[in-house]
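Each chain gets a letter, A, B and so on, in the order its sequence line appears, and its residues count up from 1.
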2 protein chains.
Amino acid sequence: MADFMKEGFLNHISLDCVIFGFHNNQLKVLLLQMKYSKEWALPGGFVKETESMEEAAARTLEERTGLREIFLQQFHVFSEPKRSKINHAVKDLKNSGAGPDEKWFNQRFISVGFYALVDFEKATPMHDFFSEKCEWKALEEIDRLMMDHNQILDKALETLRLQLSYLPIGYNLLPEKFTMPELQKLYETLLGRKLDRRNFQRKILSWKILNKLEEQKKGGAYKAPFLYEFNLENYNTALKEGLSDPM
Amino acid sequence: MADFMKEGFLNHISLDCVIFGFHNNQLKVLLLQMKYSKEWALPGGFVKETESMEEAAARTLEERTGLREIFLQQFHVFSEPKRSKINHAVKDLKNSGAGPDEKWFNQRFISVGFYALVDFEKATPMHDFFSEKCEWKALEEIDRLMMDHNQILDKALETLRLQLSYLPIGYNLLPEKFTMPELQKLYETLLGRKLDRRNFQRKILSWKILNKLEEQKKGGAYKAPFLYEFNLENYNTALKEGLSDPM
DNA sequence: TTTAACATGCGTCAGTTTGACACAATATTA
DNA sequence: TAATATTGTGTCAAACTGACGCATGTTAAA
């Protein structure tokens, strides 16, 4: 019998979702607090035999937020053997009494990272069986996460920033109607630096993914900014074909 | 006992490597021909419990080519449930007598795709236990591959093309010393379109990843082009930090 | 040996994009 | 009503891009 078929050779697959939301000009991430270890963790899950990873991730996202049809993308596989050694999630699983199968817990876990961009207002955080809380956390207030989830979060952000240059971003993150300053704040938050207001507007508009609406946003202070909505047709085209050609 | 812990819930992980080489102005891929089904397939493998996926991929690459320390990157997870249903690899495994464990073969396989760029001249193709041939195939002559390996190859190319715009490419693909036309042919092949000779040179040189050497390449026809080598220091910096800023 | 053919090295130029900034318009607050 | 803060729109020079010209070096044909 070949090595890789032995019982001890089993590698279990899980997935972790980095669910981004945007609120009060802050980028937030949906986190769970584990029942027993009290550690904070990214929402995760397992794949059913009849599902693709993408379907499993979408299911996980829906179970934690109630949201469907969201931009959700795999970005990296995390497979360091050590990542599941000091596995507090395993402790939580054990303590939960969900399954006392010692053998199963001793397996090694390889996790596929997904990230999603959702509308903060529309999401309804719901914790799962292993956790007792589900909350939005601003990036700055996130400290130590369970296992290698800090790394996973970092990699998600890094990927998102890269994609920012060739994919349209914002459709699921912002409300239906939004202002140019709001969109700019989103980009600034994601990139981690200030952008020139006028150059930003010129660039975004050149992508033709926005529809300009009537003047509104009268509630705010000072001059009322115009409202925009995404032009879904062009937006989706840009998602498929990218915003600019390489080289 | 939770669903995902049941025996039937096992998802097995494998990896597939898309190993690119460049020869005679053609992009080539290293393929294996299976012993029993005679189908052509990407080199693949399994992960040991003590390895990361990256280490397993590097091991697979070395076993098929003899090469180490090569640019090797994961690019996508392939997890459609159907992908392992009509699994000729499984037939091959069965027929090989490697392990008649029916249960194991009935598992579902999720595969992590890696791609590598290697020097055609330095690689020594070696087939594995399940295959009888290991050969370089030009992209054009690749027809039907095993399972979803056509998809995997397509996705690898797509990823490579995207990376072309923000990562330096060529170090492991070309010999130590090469000419500007050779580098351009590589880019043209990867992008699938012609580039202007003079503009290409201007762009590449602006990246500062090349060292210009003495005039040589006297063997060829017509005017002798200059030889270049990669400036490894700048090359590696560019690999980490990218060639241009997003937005 | 001469000449035509061909690929390379190096340069030009106009159109476009980018980054930095000015100024008027509009809404709130004092 | 004036001061203040924020948005809408425009300008301009520098940098970048795409398209192309011409001289040079090497081979192959005349």
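- Centroid-to-centroid, the aromatic rings of B/Phe114 and B/Phe75 stay 6.0 Å apart or farther.
- The list of salt bridge (Lys or Arg N to Asp or Glu O under 4.0 Å) pairs with a residue in residues 65-80 of chain B, not counting sequence neighbours, reads B/Glu62-B/Arg68.
- The CG atom of A/Leu205 sits 12 Å away from the C1' atom of D/dT9 (whole-angstrom rounding).
- Residue pairs meeting the ring pair (Phe, Tyr, Trp, His ring centres under 6.0 Å) criterion with at least one member in residues 201-224 of chain B: none, sequence neighbours excluded.
- With sequence neighbours excluded, the residues forming a side chain to side chain contact (heavy atoms under 4.5 Å, CB included) with B/Gln201 are B/Met180, B/Leu205, B/Tyr228, listed by chain and number.
- Near DNA chain D, meaning a heavy atom under 4.0 Å away, the residues from residues 179-188 of chain A are A/Pro181.
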Checklist entry - In B/S/- notation, 5' to 3', how is nucleotides 20-30 of chain D contacted by protein heavy atoms closer than 4.0 Å? => result BB--BBBS---
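- Atoms CD (B/Gln201) and P (D/dA19) sit 18 Å apart, rounded to a whole Å.
- Spacing between atom CG of A/Leu227 and atom P of D/dT7 amounts to 13 Å, rounded to whole angstrom units.
- Note that the first and last nucleotides of DNA chain C, 5' to 3', having any atom under 4.0 angstrom from a heavy atom of chain A are C/dT18 to C/dT28.
- Legend: salt bridge (Lys or Arg N to Asp or Glu O under 4.0 Å) pairs involving residues 183-195 of chain A, not counting sequence neighbours, sorted by first then second residue: A/Glu188-A/Lys194.
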For residues 17-33 of chain A, tabulate all N or O donor-acceptor pairs below 3.5 Å that involve a side-chain atom, not counting sequence neighbours.
unit_1, atom_1, unit_2, atom_2, d
A/Gln26, NE2, A/Glu140, OE1, 3.4
A/Gln33, NE2, A/Lys38, O, 2.9

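- Taken to the nearest 0.5 Å, the CD atom of A/Gln74 stands 9.0 Å off from the CD atom of B/Gln74.
- Listed by chain and residue number, B/Phe178, B/Thr179, B/Lys217 satisfy the side chain to side chain contact (heavy atoms under 4.5 Å, CB included) test with B/Glu182 (two or more places apart in sequence, or in another chain).
- Rounded to whole Å, the distance from CZ on B/Phe200 to P on D/dG18 is 13 Å.
- At the phosphate of D/dA15, neither OP1 nor OP2 sits under 4.0 Å from any side-chain N or O atom of B/Lys203.
- Note on residues 226-235 of chain A: no pairs pass salt bridge (Lys or Arg N to Asp or Glu O under 4.0 Å), not counting sequence neighbours.
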Which pairs of donor and acceptor atoms, one on a side chain in residues 162-174 of chain B, lie under 3.5 Å apart (sequence neighbours left out)?
unit_1, atom_1, unit_2, atom_2, d
B/Gln163, OE1, B/Tyr115, OH, 3.0
B/Gln163, NE2, B/Gln73, OE1, 3.0
B/Ser165, OG, B/Leu162, O, 2.7

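- Applying the side chain to side chain contact (heavy atoms under 4.5 Å, CB included) rule to A/Lys208 yields the partners A/Asn234; only residues at least two apart in sequence or on another chain are considered.
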